[in-house]
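Protein chains get the first letters and strands the later ones, always in sequence-line order, with residue 1 at the start of each.
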Amino acid sequence: MDTQRTAVPSLPAQYQPGEVEQRRYEQWVAAGHFRASADSDKPPFTIVIPPPNVTGSLHMGHALDHTVQDALIRRKRMQGFEALWLPGMDHAGIATQNVVERQLAAQGLSRHDLGREKFVERVWQWKAESGGAILGQMRRLGDSVDWERERFTMDEGLSRAVQTMFKRLYDDGLIYRAERIINWCPRCLTALSDIEVEHTDDDGELVSIRYSDEVVVATTRAETMLGDTAVAVHPEDERYRHLIGTEVEVPLTGRMIPIVGDEHVDPTFGTGMVKVTPAHDPNDFEIGQRHQLPSLTIMDERGVITAAGPFEGLDRFEARPAIVAALREDGRIVAEKRPYVHAVGHCSRCRTTVEPRLSLQWFVNTTPLAQAAGDAVRDGRVRIEPAELAKRYFAWVDNMHDWCISRQLWWGHRIPVWYGPDGEVVCVGPDEQPPTGPGWRQDEDVLDTWFSSGQWPFSTLGWPERTADLEKFYPTSVLVTGYDILFFWVARMMMFGLYVMDGKPPFEVIALHGMVRDQYGKKMSKSFGNVIDPLDWIERFGADATRFTLARGANPGADVPVSEDWCQGSRNFCNKLWNATRFALINGANVGGPLPEPAQLSPVDRWILSRLQHVVAEVDEQFEAYEFAKICDTLYHFAWDDVCDWYVELAKPVLAAGGEPAAVTRRVLGHVLDQVLRLLHPIAPFVTDELWIALTGRETIQTAAWPVTEPTLVDDAAEAELVMLQRVVTEIRRFRSDQGLRPAQRVAARLDGLAEARIAGHEPLIRSLVRLEDGGPDFSASATLAVAGGVNVALDTRGSIDLAAERARLEKDRAAAEKEAAQARAKLGNPAFVDKAPEPVVNKIKDRLAVAEADLARIAAALEALA
RNA sequence: GGGCGCGUAGCUCAGUGGGAGAGCACUCGCCUUACAAGCGAGGGGUCGCAGGUUCGAAACCUGCCGCGCCCACCA
């Protein structure tokens, strides 16, 4: 049995993660453990990383996202899958361009000073510097990504995918160019899609302006009146119906505009009259369309008034008060309300107030694509975890507006459309030559960054080519990301994937996690000063502790609160594993060969092996349900409570006694630790690998098989026996604690009733754990303690027992038992309960009553013995 | 304005119809030869409020109060 015993390496008493982590990670990469091959016979398991913004650095949210993905990948790898975790980064068009523009601004330059070509070159330079930092952070986290497949959304291959996708959508009539009111950022000087606009409730000022005696309109944006081309009223509004078809003069401009009737107007709001500015408001634009109103653009792309007159050249926010002042002077202002809180859109990248602007842009007609994206989830081909979040997904895809994809930026994929001298428009595919000749020019704009990241699950695998990778690894298995980009990114990938991959959705499961928050549930923000850098934790507590802390808080779809205290707890847990393994090594734990025959196993061995089977089954279920918090909880308690606090403590006397029982225990201990380390490896890869190698002498835990349950090892009797043993031990310890008996102090005692409690065989163990010694033949008790399961302990402490304290304790226990018994009797005395409750429930109550009554009897006997 | 969700121990959260749980924090006692980043014991909750359904509600229904998030073109 001891032949495979490993040499005892000298592990230090405390786990030092820093040294271990760097050494191990380089070994893992060098050994090629993270590489996946399309040629493999193993079934594929694929995750593509949500590509981080190339200019950013990884924050706690990434650490959470990566921990979850790495855990899934590592487990599948151990389960024998060809597991591919594909890394990469996103060029993040507008965000990246803004960063570089800010750098230029610090030198007093603008992108126009450099010109398009030089500017883009400059962004590539910045990408090279910044991207490297992210890759380094991923290594520190322990991400087992296939580095040979790292991709970037602006790579040649991915750019080819973008062009192919554009061309295909264009040819199918799903991409079109139109003049529309779009969200415009006057600072970034580009169009924004709906999702790039964030609404906040801002203070404004609502003024009512008298256009004529009968016409009074309200507005928060007085400056737009320079572009008014109508006033609208509800067609059914009795007050104003007679005005429809007449004209009114716009103050300050002298322009005559018609009054039209339009259903959009809410007669109950304000005066029930609306000024209509088709070029500067999306609603007004629609009203304009319906009534063939002209659109008067009164502002340039920077938000500066261009309408001729006294306000020309003023910024929109200067023009507003100036116009209000001028109107007031004219006596045109009839009412003012301020502050007036209303929703205002801001550029999500720079916070500038968005200006609705009439302009010519490219759009994707999302109607058929969004329909398919919704159906794939509705019909179960794609599962959203947690399922409740599917409602949000549907709310989005079922109400999707057409997607504005052109951006007036330089950093990104240029729109592959050429315009000819005679108004020709040619969309050019990746293998086609763009038209040449005088007068031809390419569209200046680039595509929305989500247009390329939306193709990530297949473009990274080689699409549009039908590569071996694409065949093997698409569709991907699970997409792990925060619920915050369910709309931005996930819905786009669904639309594109279904569209070009023969209706195959890009992933089987969408596993959503929440946002990382601080220990009070507050959002982490720089201004609040509660941001935690994952690298700081990795350095102080280790990557495993950081990962465990995040995973431990990760309930599906829910936000994840973290704090340094909790990370410290995780670090302590890693150290606990470390020391448990140290104990095992010192005591010659054996990890080779089959487990001993059942007949050789002690009840304690059978108990821990049985518990292990439950744990393996639970962890598997929890993994399948993405219940990371529960995985951590299960393993934490099994490793710490069952293995360390009970099994190891119970094993000590056995190991000390030596002989065959000790050999059996060494084998069981080795097995249990081996399995626990495997189960924990996906979450805490470093410490488990280090310990497993020390324990087994083998190369790495990464390729060790994932534990499977062994039903023959489930042993209910042994579990019941240990529960009783634990209760008795705990009760005796409580007595010792209550009595202030020093842990080292031995007490003479006689244990009565162990046979009735079916733990007679454990008497030596119990005595050893709670330091009770045999009183010998002339034993005479000075006190009696009633403990669980019919066990009484007769003690002789030579007069040092505080009888009053013990009596008080027993009285308290009796009160509790009486309450319990009374409750049970009341239930059983209720005919409705006995009649209607299911039988197991009734039996349970009967059992409970029996136990309570037995407890009462024991307590009474003990009290009598005290007296 | 529309939609979704939450309110359980001091803090953060599990628990979805039958004995109120975990981690951290707290109290007491211990350096018991794996671990003081540890060991043992303990205290602490009318499960937001009010009704209802049920033999039985923290859980299911209704209303109210409080909080959060997402979406949104009421000037």
If you look at every strand shown and take non-hydrogen atoms under 4.0 Å, does [X] touch a base, only sugar-phosphate, or nothing?
X      : result
A/V648 : base
A/E286 : nothing
A/Y636 : sugar-phosphate
A/N830 : sugar-phosphate
A/Q519 : sugar-phosphate
A/R736 : nothing
A/Y340 : sugar-phosphate

Do [X] and [Y] meet the criterion of a side-chain donor-acceptor pair at a distance under 3.5 Å?
X      : Y      : answer
A/Y520 : A/N530 : no
A/D641 : A/W646 : no
A/S563 : A/D565 : no

| task | Start with the C-alpha gap between A/F735 and A/R809, add the side-chain angles, then the distance that decides, and say whether side chain to side chain contact (heavy atoms under 4.5 Å, CB included) holds. | result | CA-CA 9 Å; A/F735 172 78; A/R809 162 68 73 185; over 6 Å; no

Expressed as a whole number of Å, how far does the [atom1] atom of [N] sit from that of [M]?
N      : M      : atom1 : result
B/rA58 : B/rG1  : P     : 35 Å
B/rC11 : B/rC49 : C1'   : 23 Å
B/rG21 : B/rG43 : P     : 12 Å
B/rU16 : B/rG10 : P     : 22 Å
B/rA25 : B/rG3  : P     : 44 Å
B/rC60 : B/rG18 : P     : 11 Å
B/rU53 : B/rA14 : P     : 31 Å
B/rC31 : B/rA37 : C1'   : 14 Å

Which of [range] sit near RNA chain B, with a heavy atom under 4.0 Å from it?
range                       : result
residues 833-856 of chain A : A/F833, A/K836, A/A837, A/P838, A/V841, A/R848
residues 542-562 of chain A : A/R552, A/N555, A/P561
residues 221-233 of chain A : none

| query | Say you draw a straight line from CZ of A/F686 to CG of A/D544; how long is it, rounded to the nearest 0.5 Å? | reply | 6.5 Å

| Distance in Å, A/W537 CH2 paired with A/R547 CZ, rounded so as to fall on 0.5 Å steps | 14.5 Å

[X] side chain near [N] phosphate (N/O to OP1/OP2, under 4.0 Å):
X      : N      : result
A/K652 : B/rA34 : yes
A/K630 : B/rA22 : no
A/H637 : B/rG23 : yes

| note | Letter by letter from the 5' end, nucleotides 38-45 of chain B scores (B base, S sugar-phosphate only, - none; protein heavy atoms under 4.0 Å) SSBSSS--

Need the pair for [N]. Rule: Watson-Crick or G-U wobble, both distances under 3.5 Å, any strand; none if unpaired.
N      : answer
B/rG45 : none
B/rA9  : none
B/rG40 : B/rC28
B/rG17 : none
B/rG1  : B/rC71
B/rC35 : none
B/rG56 : none
B/rA50 : B/rU62

| note | In A/V215, A/V250, A/T219, the residue satisfying side chain to side chain contact (heavy atoms under 4.5 Å, CB included) with A/K275 is A/T219

| field | Test side chain to side chain contact (heavy atoms under 4.5 Å, CB included) applied to A/I608 and A/V668, A/V648, A/L669, the passing residue | value | A/V668

| Stepwise side chain to side chain contact (heavy atoms under 4.5 Å, CB included) check, A/F638 with A/V672 | CA-CA 10 Å; A/F638 179 66; A/V672 170; 4.2 Å; yes

| said: If you assign each of A/A13 and A/T200 to its closest nucleotide in RNA chain B, which residue comes earlier from the 5' end? | reply: A/A13

| field | Position toward the 5' end of RNA chain B (nearest nucleotide), A/H199 or A/V643 | value | A/V643

Can I get a per-line list of side-chain donor-acceptor pairs under 3.5 Å for residues 819-836 of chain A, giving both atom names and the distance, sequence neighbours left out?
| residue | atom | partner | partner atom | Å |
| --- | --- | --- | --- | --- |
| A/R825 | NH2 | A/E853 | OE2 | 3.2 |
| A/N830 | OD1 | A/A832 | N | 2.9 |

| said: Does any part of the side chain of A/L650, heavy atoms only, come nearer than 4.5 Å to the side chain of A/L725, both counted from C-beta? | reply: yes

| field | Beyond-backbone contact of A/H264 with A/E286, side-chain heavy atoms, under 4.5 angstrom | value | no

| With a 4.0 Å cut-off, would you call A/E564 and A/R540 a salt bridge? | yes

| query | Just how far, in rounded Å, is P of B/rU12 from CG of A/D518? | reply | 9 Å

| query | Separation of A/H234 atom NE2 from B/rA75 atom C1', in whole Å? | reply | 15 Å

| task | Ignoring the backbone of A/W396, work out which of B/rC24, B/rA75, B/rA72 is nearest its side chain. | result | B/rA72

| Between A/F573 and A/F548, how do the two ring planes meet: parallel, tilted or perpendicular, split at 30° and 60°? | tilted

Please enumerate all protein N or O atoms sitting under 3.5 Å from an N or O of nucleotides 1-9 of chain B, with distances to 0.1 Å.
| residue | atom | partner | partner atom | Å |
| --- | --- | --- | --- | --- |
| B/rG5 | OP1 | A/K391 | NZ | 2.9 |

